[in-house]
Amino acid sequence: MKAQFFETMERQLQELRSTGQFKGERIITSPQSSHIHVTQHGSQDILNFCANNYLGLANDLRVIETAKKSYDHYGFGMASVRFICGTQTIHKQLESRLSKFLETEDTILYSSCFDANGGLFETLFGAEDAIISDSLNHASIIDGIRLCKAERFRYQNNDMNDLEQQLKLSQKARFRVIATDGVFSMDGTIANLQAICDLADKYDALVMIDDCHAVGFMGKKGKGTPEFCGCMGRIDLITGTLGKALGGASGGYISGRREVIEWLRERSRPYLFSNAVAPSIVAASLTVLDLLESSDHLRVRLHENSRYFRKKMSALGFELPAGEHPIIPVMLGDAKLAQSFAEKMLEHGIYVIGFCYPVVPVGKARIRTQISAAHSVEDLDRAIDAFASVGRELGVIS
């Protein structure tokens, strides 16, 4: 039986390779930035167009300096969960600052947003409740819901008519929560939060959003999709990450009403049984919030870059979903084509990745580009020229 198990694993891997679905890992030899080095190309300057480094803060010298200084004062790690001996002054400061930034009552830190989503539903909802989830929600929301005994309902992506139908079907539940990504990360589509909140009010339901791909840069002050959609104060539960726009390291959080956050501290298993977020990340995240609150220039540059890239790529004839988010997918359809396209782009000095099933639906393979405030106009033009060259070579555009 053991031999069959390993043979099955190898056969499945070979199938992934033959269908273009195998996700190999390129090795980066430099700090994360808009310009990187990878092992395949030695010291060649490679432009990175697929990081979650929206504001370019992953290698910001001010953030790095704060992290370095934190080691002298707070040490390297906590070697403990929060409730035993893993809470320092800066952990409470960051939770307080995030609450102020998001305009909520309280916030709880997790080691990742995956853990935050994994520890939310099971802790707050039971068998007599209902969770109504968008069909394109992130895997962490889906897995978190699977851990919960609540009845599950699903509505088609951003389809408010279907959402209302599911709310009608679930009216016998004690508590109901609508769960959605703030931004759907494979498409860059923004959730229709105004309509979702209106339906939640109409049917007396809670609203939960995962705002990982929005906090820090969506909305006038970077407060995320609630601010962008004009829904500040109407979202009951917000999960998010420190691992994207807010410095790009790791760590996640849940933010909301005081009594809910306090209950999560008492019962949420990923919080109770995981080490506290490292002091260097906590300290650096406080500096990131200082930067976001003191200036809008990174947010402004990011959205200028996104509009420029989207306009130029559309003019070349590439199929891009409509939107205004810095996630800009280049739709290709075929998985092998997407993988081949990404490899040829690297030959041109542009780092992008082909996304295919199971990350996206079959037949919806794509190159998901992500724009950064750290990209210059020259960087954008270089990437656009490479897309044009490879696109013509592979027959994607004429």
Side-chain angles (χ1 to χ4, degrees), residues 32 34 48-58 98 101-102 110 112-118 120 133-144 157-158 179-193 196 207-229 231-232 235 237-255 285 288-289 292 298-299 301-303 305-307 309-310 320-330 352-353 355 359-360 366-375:
Q32 182 64 278
S34 57
N48 190 352
F49 273 81
C50 60
N52 297 314
N53 189 24
Y54 295 111
L55 297 175
L57 295 174
L98 284 168
F101 184 70
L102 298 171
Y110 287 80
S112 69
C113 190
F114 203 110
D115 271 353
N117 287 334
L120 187 152
S133 179
D134 190 287
S135 62
L136 292 188
N137 275 340
H138 190 268
S140 59
I141 297 178
I142 295 169
D143 285 0
N157 178 234
N158 244 355
T180 181
D181 280 332
V183 174
F184 298 94
S185 60
M186 287 299 108
D187 299 303
T189 304
I190 298 167
N192 187 355
L193 289 189
I196 289 171
V207 177
M208 170 270 174
I209 67 165
D210 176 328
D211 221 23
C212 284
H213 285 277
V215 68
F217 61 93
M218 295 301 291
K220 185 177 180 181
K221 293 296 179 182
K223 297 176 186 287
T225 51
E227 183 182 38
F228 181 83
C229 296
C231 295
M232 294 296 289
I235 310 300
L237 295 158
I238 302 172
T239 66
T241 183
L242 308 175
K244 293 182 171 62
L246 304 186
S250 62
Y253 58 83
I254 300 175
S255 199
S285 298
V288 168
L289 288 174
L292 295 185
L298 291 177
R299 285 191 291 276
R301 186 190 305 163
L302 171 62
H303 291 294
N305 284 350
S306 300
R307 288 190 292 269
F309 185 83
R310 189 182 291 275
L320 311 178
E324 46 191 319
H325 191 276
I327 291 175
I328 305 176
V330 181
V352 292
I353 294 294
F355 284 78
V359 181
V360 297
R366 68 199 65 185
I367 301 290
R368 185 186 72 172
T369 65
Q370 289 170 278
I371 309 304
S372 172
H375 289 132

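In this chain, numbering begins with 1 at the start of the sequence shown.
Taking both residues in full, the closest heavy atoms of Ser372 and Gly56 are given as OG-N, 3.7 Å, listed atom of the first, atom of the second, then distance. Of all non-hydrogen atoms in Arg299 and Leu55, the two that sit nearest each other are N-CD2, 4.0 Å. When all heavy atoms are compared, the tightest approach of Ile371 to Ser306 is CB-OG, 3.8 Å. Here the shortest heavy-atom pairing between Cys212 and Cys113 reads SG-SG, 3.3 Å. Smallest separation of non-hydrogen atoms from Ser34 and His375: CB-CD2, 3.6 Å. When all heavy atoms of Asn158 and Asp134 are compared, the pair lying nearest together is N-OD2, 2.9 Å.
Residues passing the side chain to side chain donor-acceptor pair (under 3.5 Å) test with Asn305: none are found, sequence neighbours excluded. Contacts of Asn48 classified as side-chain contact (heavy atoms from CB on, under 4.5 Å), with partners at least two apart in sequence or in another chain: Gln32, Ile36, Cys50, Ala51, Tyr351. With sequence neighbours excluded, the residues that form a side-chain contact (heavy atoms from CB on, under 4.5 Å) with Ala249 are Ile281. Contacts of Arg368 classified as salt bridge (charged side-chain N to carboxylate O under 4.0 Å, His left out), with partners at least two apart in sequence or in another chain: none. Considering only residues two or more places apart in sequence or on other chains, Tyr110 meets the side chain to side chain donor-acceptor pair (under 3.5 Å) condition with Ser268. By the side chain to side chain donor-acceptor pair (under 3.5 Å) test, His213 is found to be paired with Tyr54, residues two or more places apart in sequence or in another chain being considered.
Annotation: the span from Thr369 atom OG1 to Ile328 atom CD1 amounts to 5.0 Å, rounded to 0.5 Å. With rounding to the nearest 0.5 angstrom, the CG atom of Leu57 is 5.5 Å from the CG atom of Leu298. To the nearest 0.5 angstrom, Asn52 atom CG is 11.5 Å from Leu246 atom CG. We find the CG-OG distance between Leu242 and Ser112 to be 10.5 Å, quoted to the nearest 0.5 Å. Distance CG/Leu120 to CG/Leu237: 5.5 Å, rounded to 0.5 Å.
In this structure, the side chains of His325 and Phe228 stay at 4.5 Å or more apart for every pair of heavy atoms. Contact annotation: the side chain of Val330 approaches that of Leu320 to within less than 4.5 Å [non-hydrogen atoms, C-beta and beyond].
Pairs engaging residues 239-250 under the side chain to side chain donor-acceptor pair (under 3.5 Å) rule: Asn117-Thr239 [sequence neighbours left out].
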Solution key, residues 215-227 side-chain donor-acceptor pairs under 3.5 Å, sequence neighbours excluded:
from: Lys221; atom 1: NZ; to: Asp296; atom 2: OD2; distance (Å): 3.2
from: Lys223; atom 1: NZ; to: Phe101; atom 2: O; distance (Å): 2.8
from: Thr225; atom 1: OG1; to: Asp211; atom 2: OD1; distance (Å): 2.5
from: Thr225; atom 1: OG1; to: Asp211; atom 2: OD2; distance (Å): 3.4
from: Glu227; atom 1: OE1; to: Lys220; atom 2: N; distance (Å): 3.3
from: Glu227; atom 1: OE1; to: Lys221; atom 2: N; distance (Å): 3.0
from: Glu227; atom 1: OE1; to: Gly222; atom 2: N; distance (Å): 3.2
from: Glu227; atom 1: OE1; to: Lys223; atom 2: N; distance (Å): 2.9
from: Glu227; atom 1: OE2; to: Lys221; atom 2: N; distance (Å): 3.2

Would you list the atom pairs, donor with acceptor, under 3.5 Å between side chains in residues 179-193 and any protein atom, with sequence neighbours excluded?
from: Asp181; atom 1: OD2; to: His138; atom 2: N; distance (Å): 3.0
from: Asp187; atom 1: OD1; to: Arg366; atom 2: NH1; distance (Å): 2.6
from: Asn192; atom 1: OD1; to: Ala195; atom 2: N; distance (Å): 3.4

Practice problem: Go through the steps for Ser140 and Asp210 under the test side chain to side chain contact (heavy atoms under 4.5 Å, CB included), then give the verdict. | Solution: CA-CA 9 Å; Ser140 59; Asp210 176 328; 4.0 Å; yes

Quiz item: Going through the distances and angles, do Phe49 and Ile367 end up as a side chain to side chain contact (heavy atoms under 4.5 Å, CB included)?
Solution: CA-CA 10 Å; Phe49 273 81; Ile367 301 290; over 6 Å; no

